[in-house]
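What follows is a single structure, written as structure tokens, with notes after it.
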Amino acid sequence: MVESKSRLQIFNTLTRQKELFEPLNPPHVGMYVCGPTVYGDAHLGHARPAVIFDVIFRYLKFLGYQVRYVRNITDVGHLENDADEGEDKVEQKARLERLEPMEIAQYYSNRYHYNMDQLNVLRPSIEPLASGHIIEQQELVKKILSNGYAYEINGSVYFDVEKYSKNYPYGELSGRKLEEMIAFTRALEGKSEKRSPYDFALWKKAQPTHIMRWPSTWSEGFPGWHLECSAMGNKYLGEKFDIHGGGMDLIFPHHEAEIAQSMAAYGNQPVKYWLHNNMVTINGQKMGKSLGNFITLDEIFSGNHPQLEKAYSPMIIRFFILQAHYRSTLDFSNDALQAAEKALKRLIEAYHQIDKIPSSEASSINIHELRQACFDGMNDDFNSSIVLANLFEAVKMINLTLTGTETLTHDDIELLKLTFNDFLFQILGLADENPSDNSNLVNELMNLLLELRQEARDRKDWATSDRIRERLLKMGIEVKDSKDGPTWKIL
RNA sequence: GGUCUCGUGGCCGAGUGGCUAGGCACAGGUCUGCAAAACCUCGUACAGCGGUUCGAAUCCGCUCGAGACCUCCA
């Protein structure tokens with residue numbers, strides 16, 4: 001087999017270049033991805049990293065690695081801003097709806113899971129809650145304090161970026177220099193108990209109105225936003241693990257802070273490969289909560305949004321996401337989604353045709369080459385777009401073998417089918433949303449109806465023939481006539 | 001202001017020194033009682049201006065335009 005897993009190249013944000021993927025402890029791979037903050041419905045911008053890292057998870061497993069995939073749920077809620085009157089996001093919504101904060105978190109967690117299931121996103125190996133790791137986070141704060149990289153003031157603990165940057169490079173991941181940052185923000189600096197505007201909270205004392213709080217040696221409060229990933233990544237994947245992923249918008253300050261926390265606590269880089277997906281845009285602008293231009297997954301799946309011309313199924317969205325490379329922006333539009341819908345349909349239908357290919361003595365197409373091209377695509381920084389392009393080449397070949405223009409041997413047909421199974425379904429995680437594995441009863445009834453219709457057609461009774469077709473269509477069953485007789489499927 | 005990314009044919013979207021990804025739309029054709037679908041065929045595009053090179057969409061410089069991060073965000 002020419003399928004070599006040793007050639008997997010991935011783009012590392014830390015070094016800004018593609019690197020050969022070599023796990024720290026093969027065959028094990030540890031991967032951490034920043035999950036959602038559960039205070040709202042998941043939108044397209046959440047779907048992208050979930051799908052992308054799902055594909056990475058699937059591919060690594062396909063290559064034979066034993067992957068532990070950790071994706072957290074942020075249910076603690078963090079400050080809206082650094083101002084003292086900043087209000088906890090989860091709490092804010094809770095007050096609005098008069099629900100327990102944890103009830104809100106649970107509600108949106110459930111909905112997130114449901115949406116992810118719809119998108120055929122596999123559940124991670126571990127899905128830790130920030131609220132379930134308060135002790136671990138406090139331990140981390142203590143460690144950073146005792147190492148001298150944090151200070152306590154008024155019951156809150158802040159990370160001392162300035163001191164840290166004297167001994168370690170701060171800003172490595174995002175390509176920033178502390179002096180430049182401070183020079184720019186000096187004017188914006190308001191009254192704050194922090195020593196520097198770029199210090200960030202490790203532990204925050206809760207205001208009286210703040211409901212989500214935990215006791216600590218410093219105050220009744222809650223952990224800083226960046227802390228949970230450091231604490232939980234460390235707990236489940238160790239002091240240094242292979243892959244850390246998330247959206248590009250998390251590079252600074254979130255992931256930069258994570259690095260600083262781990263360096264300050266343990267003295268080494270927590271992650272070997274940093275992976276970041278680009279944003280989903282709408283009208284050329286980032287789709288995000290703060291801009292209010294997001295479309296939730298439920299809205300997309302139901303078509304219930306003014307910007308949507310129709311509903312788009314989860315697999316269309318998944319396909320749409322995978323048609324672009326993960327480090328490019330992906331622009332949302334109805335045209336693009338409708339194109340994706342048709343393309344996906346063509347792909348799936350061609351797959352079903354594979355069984356009908358007659359086997360020949362010799363092959364006129366090199367299926368091994370095609371299969372290798374798919375591997376090459378995935379190995380080149382998970383380029384799903386290349387994989388799909390190759391599968392579309394296969395679609396054309398399937399159709400040409402059916403018309404007799406091209407030929408395939410029995411073994412090559414099997415390999416072709418395997419390639420679709422491996423790449424389309426197993427690795428890219430797409431699925432046939434309209435499986436026609438209906439009950440025998442339905443099949444029998446349909447056979448009867450189509451038989452009657454055929455008899456009508458034979459005597460050129462078009463009225464009856466069309467009536468059957470139209471009534472079935474109203475019921476949601478599409479009948480199509482072809483040379484080999486009628487076919488039907490449930491829409 | 002700083003750091004960074006991007007600008008590809010009607011639309012979406014790969015590629016990144018020479019071998020015209022792919023999808024959708026359009027058009028032509030095949031099939032067909034009709035319908036729908038399906039299938040086949042079809043586009044040398046790479047913001048502009050310079051430069052390097054035998055050769056650039058791909059490297060360098062400048063200009064224009066768009067965006068991201070610097071505050072919560074996937």
Side-chain angles (χ1 to χ4, degrees), chain A residues 16 33-37 39-40 42-53 77-83 86 89 171 174-177 179-185 187-188 197-198 225 245-254 256 276-281 284-291 294 319-320 323-325 327-347 349-350 353 373 377 380 383-393 395-396 398-400 402-403 405 457 460-462 465-466 469-470 473 478-483 487 489:
Chain A
R16 284 154 215 281
V33 174
C34 290
T37 302
Y39 66 95
H43 60 76
L44 209 47
H46 295 99
R48 176 117 108 138
V51 167
I52 283 161
F53 288 102
H78 295 287
L79 291 178
E80 290 279 29
N81 51 49
D82 280 334
K89 276 178 183 164
S174 55
R176 273 156 228 274
K177 293 193 176 73
E179 314 84 70
E180 290 169 358
M181 284 161 50
I182 289 170
F184 177 58
T185 44
L188 307 176
Y198 281 94
W225 174 43
M248 271 183 182
D249 50 355
L250 296 180
I251 293 174
F252 191 91
H254 187 54
E256 201 71 73
H276 293 94
N277 64 275
N278 214 318
M279 302 292 108
V280 175
T281 59
Q285 223 181 13
K286 174 184 168 182
M287 183 180 285
K289 272 219 163 70
S290 35
L291 288 163
F294 60 92
F319 180 88
F320 172 65
Q323 228 182 357
H325 182 73
R327 284 190 289 112
S328 299
T329 53
L330 175 61
D331 198 50
F332 165 91
S333 72
N334 279 282
D335 285 348
L337 287 176
Q338 278 162 30
E341 177 171 27
K342 289 185 181 172
L344 176 62
K345 190 177 168 201
R346 183 152 175 252
L347 210 45
E349 293 199 341
Q353 298 294 315
D380 186 9
N383 199 324
S384 52
S385 187
I386 293 291
V387 175
L388 286 170
N390 281 292
L391 291 178
F392 276 108
E393 285 300 319
V395 168
K396 185 180 277 187
I398 290 167
N399 290 324
L400 289 173
L402 289 169
T403 60
T405 312
R457 295 182 72 203
K460 298 199 190 307
D461 179 2
W462 309 126
S465 162
D466 291 349
R469 187 173 63 197
E470 277 155 29
L473 189 61
E478 184 184 52
V479 174
K480 291 193 289 194
D481 295 317
S482 76
K483 267 174 287 189
T487 61
K489 71 169 183 184

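Keep in mind it's a predicted model, so treat the numbers as computed, not measured. Every chain is numbered from 1, with letters handed out A, B, ... down the list of sequences.
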**OP:** Measure the distance from NZ on Lys342(A) to C1' on C24(B) and round it to the nearest whole Å.
**Re:** 7 Å
Subject >> Atom-to-atom span, CZ of Phe252(A) to P of U5(B) - whole angstrom >> reply: 17 Å
Original post:
For Ser328(A), which contact category applies under a 4.0 Å heavy-atom criterion: base, sugar-phosphate, or nothing?
Top reply: sugar-phosphate
Original post:
So what does Gly175(A) hit on the nucleic acid, given a heavy-atom distance under 4.0 Å: a base, only sugar-phosphate, or nothing?
Top reply: sugar-phosphate
Subject >> Base-pairing assignment for A21(B) (Watson-Crick or G-U wobble, both under 3.5 Å) >> reply: none
**OP:** Confirm from the modelled atom types if Arg469(A) and A36(B) form a donor-acceptor pair under 3.5 Å, side chain to base only.
**Re:** no
Original post:
Quick one: does Asp481(A) reach the base of C34(B) with a side-chain donor-acceptor pair under 3.5 Å?
Top reply: yes
**OP:** Have a look at Leu330(A) and say if it touches a base, only the backbone sugar-phosphate, or nothing, with a 4.0 Å heavy-atom cut-off.
**Re:** sugar-phosphate
**OP:** In whole angstrom, give me the gap between the C1' atoms of U20(B) and C46(B).
**Re:** 12 Å
Original post:
Looking at Ala324(A) and Ser385(A), what are the two nearest heavy atoms and their distance?
Top reply: C-CB, 4.5 Å
Subject >> Candidates A37(B), C39(B), A74(B) - which lies nearest the side chain of Asn399(A) >> reply: C39(B)
Subject >> Touch class at under 4.0 angstrom, heavy-atom based, for Leu344(A) against every strand present >> reply: nothing
Subject >> Shortest non-hydrogen contact between Arg327(A) and Met248(A), atoms and distance >> reply: O-CE, 4.0 Å
Subject >> Closest-nucleotide 5' rank along RNA chain B - winner of Leu250(A) and Arg16(A) >> reply: Arg16(A)
Subject >> Watson-Crick or G-U wobble partner of A66(B), both distances under 3.5 Å >> reply: U5(B)
Original post:
Paired with C39(B): which nucleotide, if any, by Watson-Crick or G-U wobble criteria at under 3.5 Å for both distances?
Top reply: G29(B)
Original post:
NA contact type, Lys460(A), heavy-atom cut-off 4.0 Å: base, sugar-phosphate, or nothing?
Top reply: nothing
Subject >> Side chain of Lys289(A) - closest among G67(B), A74(B), G23(B) >> reply: A74(B)
Subject >> Interatomic distance where CG belongs to Asp331(A) and P belongs to G7(B) [whole Å] >> reply: 14 Å
Original post:
Rounded to the Å, how far apart are Gln323(A) CD and C12(B) C1'?
Top reply: 7 Å
**OP:** Report the nucleotide, chosen from A37(B), C12(B), A74(B), that has the shortest atom-to-atom distance to any side-chain atom of His46(A).
**Re:** A74(B)
**OP:** Calculate, to the nearest 0.5 Å, the distance between atoms CD1 and NE2 belonging to Ile52(A) and His325(A) respectively.
**Re:** 8.5 Å
Subject >> hbond_proxy Asp335(A) side chain to G23(B) base (donor-acceptor, 3.5 Å cutoff) >> reply: no
Subject >> Distance between P atoms of G43(B) and C24(B) (Å, rounded) >> reply: 16 Å
Original post:
Hey, is the side chain of Ser385(A) pairing donor to acceptor with the base of A21(B) inside 3.5 Å?
Top reply: yes
Subject >> Distance in Å, Gln353(A) CD paired with Ile398(A) CD1, rounded so as to fall on 0.5 Å steps >> reply: 8.5 Å
Original post:
To the nearest Å, how far apart are Tyr198(A) OH and U3(B) P?
Top reply: 14 Å
Original post:
Now, which nucleotide makes the Watson-Crick or G-U wobble pair with G61(B), with each of the two distances under 3.5 Å?
Top reply: C49(B)
Subject >> Protein-nucleotide distance (Glu349(A), atom CD; C40(B), atom P), rounded to Å >> reply: 13 Å
**OP:** Tell me what Ser333(A) touches on the nucleic acid: a base, only sugar-phosphate, or nothing, going by heavy atoms under 4.0 Å.
**Re:** nothing
Original post:
Are Arg457(A) and G33(B) close enough that a side-chain N or O sits under 4.0 Å from OP1 or OP2?
Top reply: no
Subject >> Separation of the P atoms in C6(B) and U58(B), to the nearest angstrom >> reply: 13 Å
Subject >> Rounded distance in Å - CZ (Phe319(A)) to C1' (C24(B)) >> reply: 10 Å
**OP:** Assign Asn390(A) to base, sugar-phosphate, or nothing according to its heavy-atom contacts below 4.0 angstrom with the strands shown.
**Re:** nothing
Original post:
Contact class for Met248(A) (heavy atom, under 4.0 Å): base, sugar-phosphate, or nothing?
Top reply: nothing
Subject >> Value rounded to 0.5 Å, distance of CG in Asp481(A) from CZ in Arg469(A) >> reply: 6.0 Å
Original post:
Which part of the nucleic acid does Ala343(A) contact within heavy-atom distance under 4.0 Å: base, sugar-phosphate only, or nothing?
Top reply: sugar-phosphate
Original post:
Does Phe332(A) reach the side chain of Leu337(A), with side-chain heavy atoms less than 4.5 Å apart?
Top reply: yes
**OP:** Would you confirm whether Asn383(A), through its side chain, and Ile386(A), through its main-chain N or O, come within 3.5 Å as a donor-acceptor pair?
**Re:** yes
Original post:
What nucleic acid atoms does Asn383(A) come within less than 4.0 Å of, heavy atoms only: base, sugar-phosphate, or nothing?
Top reply: sugar-phosphate
**OP:** Have a look at Lys396(A) and say if it touches a base, only the backbone sugar-phosphate, or nothing, with a 4.0 Å heavy-atom cut-off.
**Re:** sugar-phosphate
**OP:** Please determine, for A56(B), whether a Watson-Crick or G-U wobble partner exists with both distances under 3.5 Å, and give it or none.
**Re:** none
Subject >> Separation between the C1' atoms of A56(B) and A45(B), rounded to whole Å >> reply: 14 Å
Original post:
From the list C70(B), A68(B), C40(B), which nucleotide is the closest neighbour of the side chain of Arg346(A)?
Top reply: C40(B)
Original post:
On a whole-Å scale, what distance lies between the P atoms belonging to G7(B) and A25(B)?
Top reply: 25 Å
**OP:** Could you check whether Glu470(A) gets within reach of a base, just the sugar-phosphate, or nothing at all, counting any heavy atom under 4.0 Å?
**Re:** nothing
Original post:
With sugar-phosphate meaning primed atoms plus P, OP1 and OP2, does Val33(A) contact a base, only sugar-phosphate, or nothing at under 4.0 Å between heavy atoms?
Top reply: nothing
Original post:
Closest heavy-atom contact between Arg346(A) and Phe392(A)?
Top reply: NH1-CD2, 4.0 Å
Original post:
Atom CG in Asn278(A), atom CG in Asp249(A): separation rounded to 0.5 Å?
Top reply: 9.5 Å
Original post:
For Glu393(A), which contact category applies under a 4.0 Å heavy-atom criterion: base, sugar-phosphate, or nothing?
Top reply: sugar-phosphate
Subject >> Distance between C1' atoms of C31(B) and A38(B) (Å, rounded) >> reply: 9 Å
**OP:** In whole angstrom, give me the gap between the C1' atoms of A74(B) and A37(B).
**Re:** 38 Å
Subject >> Gln323(A) (side chain) donor-acceptor with Ala340(A) (main chain) under 3.5 angstrom >> reply: no
Original post:
Between His43(A) and Arg176(A), which has a closest nucleotide on RNA chain B that is more 5'?
Top reply: Arg176(A)
Original post:
Rounded to the Å, how far apart are His325(A) NE2 and U16(B) C1'?
Top reply: 13 Å
Original post:
Ring of Trp462(A) versus six-membered ring of G33(B): centres under 5.5 Å and planes under 30°?
Top reply: yes
**OP:** Please state the P separation for the pair A47(B) and G10(B) - nearest whole angstrom.
**Re:** 13 Å
